Visitor: 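Here's a structure for you.
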Amino acid sequence: MRLIALLLLFLGLAVAPAAAQPSPSLASGSVAAGPQSTARIEAELVPMSQWATPGGTAIVAIRQQIEPGWHTYWRNPGDSGGPTTLSWTLPGGVTAGDILWPVPERQRLADLMNYGYSGRVFLPVPVEIPADARPGTTLRLVTRALFLVCSDEMCVPDELTLRLDLPVREGASPLDRQWGREIQTVVETAPRPAGIDARATLSGQTLTLTLTATGGPLAGLDSDRAWFFPFDTGVIQHAAPQPGERGLNGVTLTLQTGGRLRTNGLSAPIGGVLVTDAGAWEITAEPGPPLPGATGEGALDLSEGTAGQTGTSWLAFGQAALFAVLGGLILNLMPCVFPVLAMKAASLARSAHAPAEARRDGLLFTAGVLVSFLILAGVLLGLRAAGEAVGWGFQLQSPVVTAMLAILMLAVALNLSGVFHIGAGLQAAAGSGPLSRLPGGVGAFFTGVLAVVVAAPCSAPFMAFAMGAALLMPAPLALIVFLMLGLGLALPYLLVSLSPRLLASLPRPGPWMERLKAVLAFPMYGAALWLGWVFLNQTGADALGLLFGAGLALALAAWLFGQAQVSGGRIAAGVAILSLLAVAGLSVAAVRAPRAEVGTSASSTALPSQPWSEAAVSAAMAEGRTVLVNFTADWCVTCKINERAALSSPRVAQALTEANAVYLVGDWTRRDDAITRELERRERSGVPLYMVFRPGQAEPEILPQLLTEGVVIDALEP
């Protein structure tokens, strides 16, 4: 069978020149930008970022869209085939690096095993941009790509010439809207060295190769599968199983040797990629005895499933959905939701002894929450699919949204204070319309909408895992996880509204309800002030002054509208409309005002701090220092409470000094793609996130989202 397969492969290569279709760009004598294709593969040179920076490194990628039934190959193709090769034509001073190969698929053909790719594949390549590249110019990158494209019956070498015109600009570039996100994922998950020690040992009559790898991310590895892909052919028998064991500090694999080792013995190190369910890393196994700590914790799974390739298991989906419900329940206790609790409390009190009305309000409130979560999740997933680096709470990074919410909170507070009434006209016409009673059916629905809007700055325990996992799932499953979060948020109110016994225990309606409404207005005033403070930190004092003017005009419009409701005066109603126009004009002027830096920001904490960056973390750890990282934002109320309660005390300051630790603050008040990527790397979708990096440890310790002094001090101890 092996001989037949090799014969078919030889015949395929022999007829390849006749079967191959010439690249359109080559046939025309010019190099065209955009996708190029043959009958088997479409390829295109695409960027990860929208532009290149002088003196920086741009990542471009060969995008392959391979037809069903065909595949291309990894750097080591396995038992047959050949890798993709690139021949570059670049402007002066521009240099292209090696392909950053993603983890390949194991492709079995009879008793052969190949390593390659199918479907859509990105092969990233780093391109060094010279420091003298002039902003405003365009770099023309051209590469001649040779793909060996194979099916189970034949192989065809397809050559395509690909071109990318890459703009040069100053400043950090956002991700390319079409392909940037996918390329970034490939770059971040591609195998790299990770401080793993490895040894290769030949033994036995049949010269089996024992590969042991320990240390780095393999310490305490939580994976039942592991596989080794060698960089060179002839090292192992690619189709043979790779049995092995887990240990406390690593893994051991038993490999069947290939022809080169059987002939020449183990005379040089063996390089390759070790792939597990927890990740993939490059290793170099030096000849020598097996390392300790790589056995004794159970045998590895030998199933043909491809270790290291991401996917969504139903168990992971179930965990994310459960944690989303728990996170939504806890979200009701978070400070940012307190203002909406006021509105829910007023509604419950009003309908406590009207079960039908309470059921209607409970169901409509839940519907408002779920619809809002669905819309918010759809926007979030859509932006991320388009290459935008956004996370949970992303809408409050926009001054426009912050200003609108501040005005909305003020309007709700004025309504609760009795300055004006919603639905008074219907009440006059029909005696007692549903909109005239707070909140009414429509009011209940929009109270649910408002609950989601103001809950966005919070990231409750359990919620962080659920949202981080959801953003890595296929869109339908991710939407279900977001809906589970909304269900958790609405569940307490829904259960009370559907339970006659719980409703009967609430006090009967009376004059006290109007007083309760007036009292509950003050959390809404507080929310409006808080959003104004966030707006100040996003824009500056001049813009805040214009927003205050809009708030004053809104208060005047609300009072005039209330007077018109009582007396029916048309003049008051007309002036109220003019005041609302003033609100709109001043709000637009506020968000368009020139941005000015202000002295108070999320990074201004009581503890001496420095701005976070990956370079700052690496520099501190290189000096042997512990690093405490705080990812925060002005619009994150939980962050502010933690900073007041646990990150501002003399005891914590003393612990930092005694530990010789560095305190780094990442401010996410305004959009910062670097922080967003770090949150994603830690499987989080929002702030707060607290981490402690220690010298000699590859991964940081993640602290709880609700901090105490003791938690921080204990984390800083050696």
Side-chain angles (χ1 to χ4, degrees), residues 336 339-340 342-343 372 379 393-425 443 446-447 449-450 452-454 456-457 518 521-566 569-602 633-637 640 669-671:
C336 53
V340 179
M343 300 180 69
S372 301
V379 172
F394 70 96
Q395 65 274 26
L396 285 180
Q397 294 175 331
S398 166
V400 176
V401 176
T402 306
M404 290 174 58
L405 286 178
I407 294 296
L408 176 61
M409 293 291 182
L410 179 59
V412 171
L414 292 170
N415 177 259
L416 288 172
S417 293
V419 176
F420 70 102
H421 303 280
I422 298 176
F446 283 102
T447 301
V449 173
L450 191 60
V452 175
V453 171
V454 300
F522 288 94
M524 307 305 292
Y525 287 120
L529 290 173
W530 164 64
L531 286 165
W533 176 72
V534 174
F535 185 77
L536 167 67
N537 290 330
Q538 291 175 330
T539 57
D542 291 343
L544 180 64
L546 291 169
L547 185 63
F548 280 167
L552 179 61
L554 176 66
L556 176 61
W559 179 78
L560 289 169
F561 185 62
Q563 294 300 306
Q565 288 177 315
V566 173
R570 294 184 178 180
I571 296 177
V575 178
I577 293 174
L578 292 176
S579 298
L580 287 177
L581 292 176
V583 172
L586 289 168
S587 299
V588 170
V591 299
R592 289 186 174 181
R595 174 179 155 185
E597 296 299 328
V598 294
T600 304
S601 69
D634 284 337
W635 40 260
C636 172
V637 181
K640 299 293 105 182
T669 302
R670 291 185 289 262
R671 174 172 167 169

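Everything numeric in this text was worked out from a predicted model, so none of it was measured.
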Visitor: Give, for atom CG of Leu552 and atom CG of Leu547, the distance between the pair rounded to the nearest 0.5 Å.
Guide: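 Going from CG on Leu552 over to CG on Leu547, the span is 11.5 Å.
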Visitor: How close do Ile407 and Gly551 get, counting heavy atoms only, and between which atoms?
Guide: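 Smallest interatomic distance, heavy atoms only, reads CD1-N, 4.0 Å.
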Visitor: Leu560 and Ser579: which non-hydrogen atoms are nearest, and at how many Å?
Guide: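 Taking Leu560 first and Ser579 second, the nearest heavy atoms are CD1-OG, 4.1 Å.
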Visitor: State, to 0.1 Å, how close Val583 and Leu554 come at their nearest heavy-atom pair, and which atoms those are.
Guide: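 Smallest interatomic distance, heavy atoms only, reads CG2-N, 3.2 Å.
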Visitor: Taking all atoms of both residues into account, what is the closest heavy-atom pair of Ala528 and Ala406, and its distance?
Guide: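 Closest pair (atom of Ala528, atom of Ala406, distance): CB-O, 3.7 Å.
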Visitor: Go through it in stages, so that I can follow the logic: the residues are Tyr525 and Leu414, the test is side chain to side chain contact (heavy atoms under 4.5 Å, CB included), and I'd like the CA-CA distance, side-chain angles, deciding distance and then a yes or no.
Guide: CA-CA 8 Å; Tyr525 287 120; Leu414 292 170; 3.5 Å; yes
